[in-house]
Amino acid sequence: MGDDKPGRKRSRKAAKASSETTDLSPSPIVPSPSPAANDPADPQSTRHKRNRRKKPLHQHPAPSSPRRTRSSEFKSANGGAVDVPVSETVPPPVKWDDVVKVVPSMDAVVKVFCVHTEPNFSLPWQRKRQYSSSSSGFILGGRRVLTNAHSVEHHTQVKLKKRGSDTKYLATVLAIGTECDIAMLTVSDDEFWEDVSPLEFGSLPALQDAVTVVGYPIGGDTISVTSGVVSRIEILSYVHGSTELLGLQIDAAINSGNSGGPAFNDKGQCVGIAFQSLKHEDVENIGYVIPTPVITHFITDYEKSGQYTGFPILGVEWQKMENPDLRKSMGMKPDQKGVRVRRVEPTAPESGCLHPSDIILSFDGVDIANDGTVPFRHGERIGFSYLVSQKYTGEKAVVRVFRDSKVLEFSIKLATHKRLVPAHIKGTPPSYYIVAGFVFTAVSVPYLRSEYGKDYEYDAPVKLLDKHLHAMAQSEGEQLVVISQVLVADINIGYEDIVNTQVLSFNGKPVKNLKSLVQMVEKCKEGFLKFDLEYQQIVVLETKSAKAATHDILTTHCIPSAMSEDLKT
C-alpha cells in the first residue's frame, strides 16, 4: 500500500552488484519491503519476515499494474535473463487508490457522535448526568443520513464525521422511529455533502446470501468490516422499540458502535441497518439487521406526513387454531383456516367490528393459516403481523372473519398501538405531581427500568408487571398513576413506606390519568384529601395543611415546581 519506488531502487542495486561478480548463479531475491517492515515498533523483526512471502492485500492484482517476474528484474552476470518459474511471480504492491475503487460504497458510511441527557424517571424534576456515545450511520439521497434511534435518543448534540475527514459536522435530527429503531438526520453545512455518493438500497436478501456490515465499532477509530451470511428471516423482537417487525439474522459480528451502520450485499447495495446482537453464553456471532422493507416504510412514512407516525397494528390478541377439535367446536369447515380472537383492545378501531371468538380468516386478501402465518417467499412462511406492519397509519385494510357460521368482511382503519404502560415517552420529559411530599407519576417501561434496573420484569411489583404485560387501556388517554415515593415531612408521618403503589381513586372519583388527578386535587374544596390505593390502602390528609406544607417540602429538596410543565396547561 506504500510507494514501491524504494523497492525498485533496491532491485537495481542488487542487479548491478550481481553483474560485477563472476558467479553465474541467479541473484538472490530481495522483495520490496512494506513501510512497516523497517518500523522499530513492529513486534515482528525484519529478520523473521525475510524468508516469508508477503501476501497481497487482494487476491487479484490491480489491472493497471502488470505482473513483474524475476526474469525481467534480474539478469545473470553475462547479461542473459535468468529463468524463473511462473509460479513464483511476485505481484506489485496494491496502491491505495485501487483499493478505494473496489469499495466506493464505504465512503457513504459516517461516524455518529452524540451527547445524551436522559430524563431521571425516579427524580422526574431533573435529568441525569450527560454522557457521550459513538455509533455509525450512512448517507442517503436528499441530504439525509440514517442511523439507529437508540444512537441519538435523548440527544442534546449530534455530530457526524465522514470517512477520512478530520471535521465533525453538526447534525439535526429530523425524525426518530422508536418502534423500528431508525432515526433520520441532516447536516446544514454544504461542505459535508461534497464528493459523497449516496447509498442505494437493494432488495430483501435470501437465505445464505453474503452480507458485509460496515461501521465504527469499539476497538479502534477507523472503519471496520465484518462479513457473514443471512441465516434467518423472520419477525423479530426489536429491543429498543419493544415491537415485533421483520428482521434479518446474520452470523457477522455486530459490536457496540456498529449500530446504525449499513449491511451491504455483494453488489455494494444496502440491504439493512445493523441494530442489535444476541448476547448469550450459548451463542456466538448472532447479529440482527433491520431489512429494507422496514427502512423504506420509515422513509416513506416521513415523506408522506413530514413526521414519523409509526407502524400500525391490529389491536387484538389471538390464539392459534391448530387443534382440530377446537376448529370443529367453532363450526369451521375442513378447508377453513384462521386464528381466534381472544381480546380486542377497547381503544383500537377494531373494537367497533371485531369480537372475542371471531376467527380471522384473511387480511387484505391473504389467507391466514391456523398457526397465524402467511406465505412469504418460496418455501417460507411468516407471521401475519408482517402484513399489518406493511400498511401505514390511517390506511384501511380488509379483514375477513368467521362468526356464528357466517363469513363477514370488514374494512378497518389501522392505527398505532396505545399501551396502558408505554414503552417510550418519545423524547418528552416525564410527568410528575407533588402534594404534601407525595410524588405522583405515570408508569412507563423507562420508569420501571429506572426503578428496578434492566431486570425489571423480575424485580418490579407483581401488580405493576401484570398491568404492564396484560392490562389494556379502557379509554383514550388512560394512564397507570402511582405514588412513586414519599418525601418525608411532618405532614405525611406514617405514610413513609408507600412506594410505587397505584392510585385508584381520589375522594371517591376514579383516577383516569395524572392530569385528571392534578385537576381534582388542585380544585378540591373538601376538608380532606383521600387517596384510595392498591391493596386496599388509603391516604388521608387535611386539605389546607397538605397544600400549605407542599412549598416547604419543595424548598427542602430543591425541586423547582410542584408539577411538570405539561400538567400546568
Side-chain angles (χ1 to χ4, degrees), residues 135-138 146-151 153 176-184 199 201-215 217 226-265 269-280 283-301 308 310-314 371-392 416-417 423-424:
S135 55
S136 308
F138 58 93
L146 288 188
T147 186
N148 280 144
H150 71 260
S151 299
E153 190 179 33
I176 294 180
T178 50
E179 290 92 345
C180 58
D181 201 3
I182 306 176
M184 183 184 294
L199 292 187
F201 288 115
S203 58
L204 186 68
L207 292 178
Q208 292 190 323
D209 277 4
V211 289
T212 302
V213 178
V214 181
T226 54
S227 299
V229 297
V230 176
S231 53
R232 184 177 292 165
I233 303 175
E234 63 178 357
I235 300 295
L236 296 175
S237 175
Y238 281 42
V239 174
H240 179 70
S242 299
T243 51
E244 292 188 344
L245 296 169
L246 184 68
L248 304 180
Q249 179 183 309
I250 62 175
D251 62 358
I254 295 178
N255 298 308
S256 178
N258 259 132
S259 295
F264 293 108
N265 59 15
Q269 298 171 324
C270 177
V271 294
I273 303 174
F275 76 117
Q276 64 189 34
S277 59
L278 183 58
K279 303 296 184 186
H280 192 274
V283 301
E284 292 182 3
N285 281 3
I286 292 184
Y288 296 102
V289 171
I290 305 170
T292 45
V294 178
I295 301 171
T296 52
H297 186 286
F298 169 82
I299 296 173
T300 307
D301 184 19
Y308 172 74
F311 286 74
I313 63 149
L314 198 63
D371 61 352
T373 61
V374 294
F376 182 49
R377 295 193 297 192
H378 178 69
E380 298 179 59
R381 298 188 69 84
I382 199 167
F384 83 94
S385 62
Y386 168 72
L387 300 177
V388 185
S389 67
Q390 290 295 96
K391 308 289 283 187
Y392 293 90
T416 53
H417 196 11
H424 287 271

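Numbers here simply count residues along the sequence, with the first being 1. Remember, predicted model here, so these are calculated numbers, not experimental data. Values below: every heavy atom of this structure, side chains too, minus hydrogens, waters and symmetry copies.
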Scan Ser135, Ser136, Ser259 and name whichever one has a side chain to side chain donor-acceptor pair (under 3.5 Å) with Ser151.
Ser135

Are the side chains of Ile290 and Cys180 in contact, using a 4.5 Å heavy-atom criterion?
no

For Arg377, which residues count as a salt bridge (Lys or Arg N to Asp or Glu O under 4.0 Å) partner, sequence neighbours excluded?
Glu380

Those residues that, when tested against Phe264, pass ring-ring contact (aromatic ring centres under 6.0 Å, His included) (two or more places apart):
none

Judged by atom type as modelled, is there a donor-acceptor pair below 3.5 Å linking the side chain of Asp371 to the main-chain atoms of Thr373?
yes

I need the minimum non-hydrogen distance between Asn258 and Val213, along with the two atoms involved.
ND2-CG1, 4.0 Å

Determine yes or no for a side-chain-to-main-chain donor-acceptor pair under 3.5 angstrom, with Asp301 supplying the side chain and Tyr392 the backbone.
no

Are side-chain heavy atoms of Ile295 and Leu146 found at a separation under 4.5 Å?
yes

Contact summary for Gly177 and Phe298, nearest pair of heavy atoms
N-CE1, 3.8 Å

Return yes if some donor-acceptor pair links the side-chain N/O of Thr243 with the main-chain N/O of Tyr238 below 3.5 Å, else return no.
no

List in chain and number order the residues that pass side chain to side chain donor-acceptor pair (under 3.5 Å) with His297, two or more places apart in sequence or in another chain; answer none if no residue qualifies.
none

Between Gln269 and Gly202, which heavy-atom pair has the shortest distance, and what is it?
OE1-CA, 3.6 Å

CD1/Ile233 to CG/Leu207 distance, rounded to the nearest 0.5 angstrom?
5.0 Å

Please test Tyr288 against Ile254 for side chain to side chain contact (heavy atoms under 4.5 Å, CB included), starting from the C-alpha separation and ending with a verdict.
CA-CA 8 Å; Tyr288 296 102; Ile254 295 178; 5.7 Å; no

Distance from His150 atom NE2 to Asp181 atom CG, nearest 0.5 Å?
5.5 Å

Main-chain N/O of Leu245 paired with Ser389 side-chain donor or acceptor, under 3.5 Å:
no

Using the ring-ring contact (aromatic ring centres under 6.0 Å, His included) criterion, which residues pair with Phe201? Sequence neighbours excluded.
none

Would you say that Ile273 contacts Phe138 through its side chain, given a criterion of any heavy-atom pair below 4.5 Å between the two side chains?
yes

Spacing of Phe311 atom CZ and Gln390 atom CD [to the nearest 0.5 Å]
8.0 Å

Between Cys270 and Leu199, the two heavy atoms sitting closest are CB-CD1, 4.3 Å

Test Val271 against every option in Thr212, Asn265, Asp209, Ile250 by the side chain to side chain contact (heavy atoms under 4.5 Å, CB included) rule and name the one that passes.
Asn265

Residue pairs, two or more places apart or on separate chains, that pass salt bridge (Lys or Arg N to Asp or Glu O under 4.0 Å) and touch residues 233-258
Arg232-Glu234

Supply the atom-to-atom distance Ile176 CD1 to Asn148 CG, rounded to the nearest 0.5 angstrom.
11.5 Å

In terms of heavy-atom contacts, Leu246 and Pro293 come closest through CD2-CG, 4.1 Å

Nearest-0.5 Å distance, CG of residue Asn255 to OG of residue Ser277:
7.0 Å

Flag side-chain contact, heavy atom, 4.5 Å: Met184 against Tyr308
no

Heavy atoms only: give me the nearest Pro205-Leu248 pair and the separation to one decimal.
CG-CD1, 3.7 Å

With His424, which residues qualify under side chain to side chain contact (heavy atoms under 4.5 Å, CB included), at least two apart?
Glu153, Thr178, His240, Lys426

Interatomic spacing from CD1 in Ile382 to CD1 in Ile235 - rounded to 0.5 Å:
4.0 Å

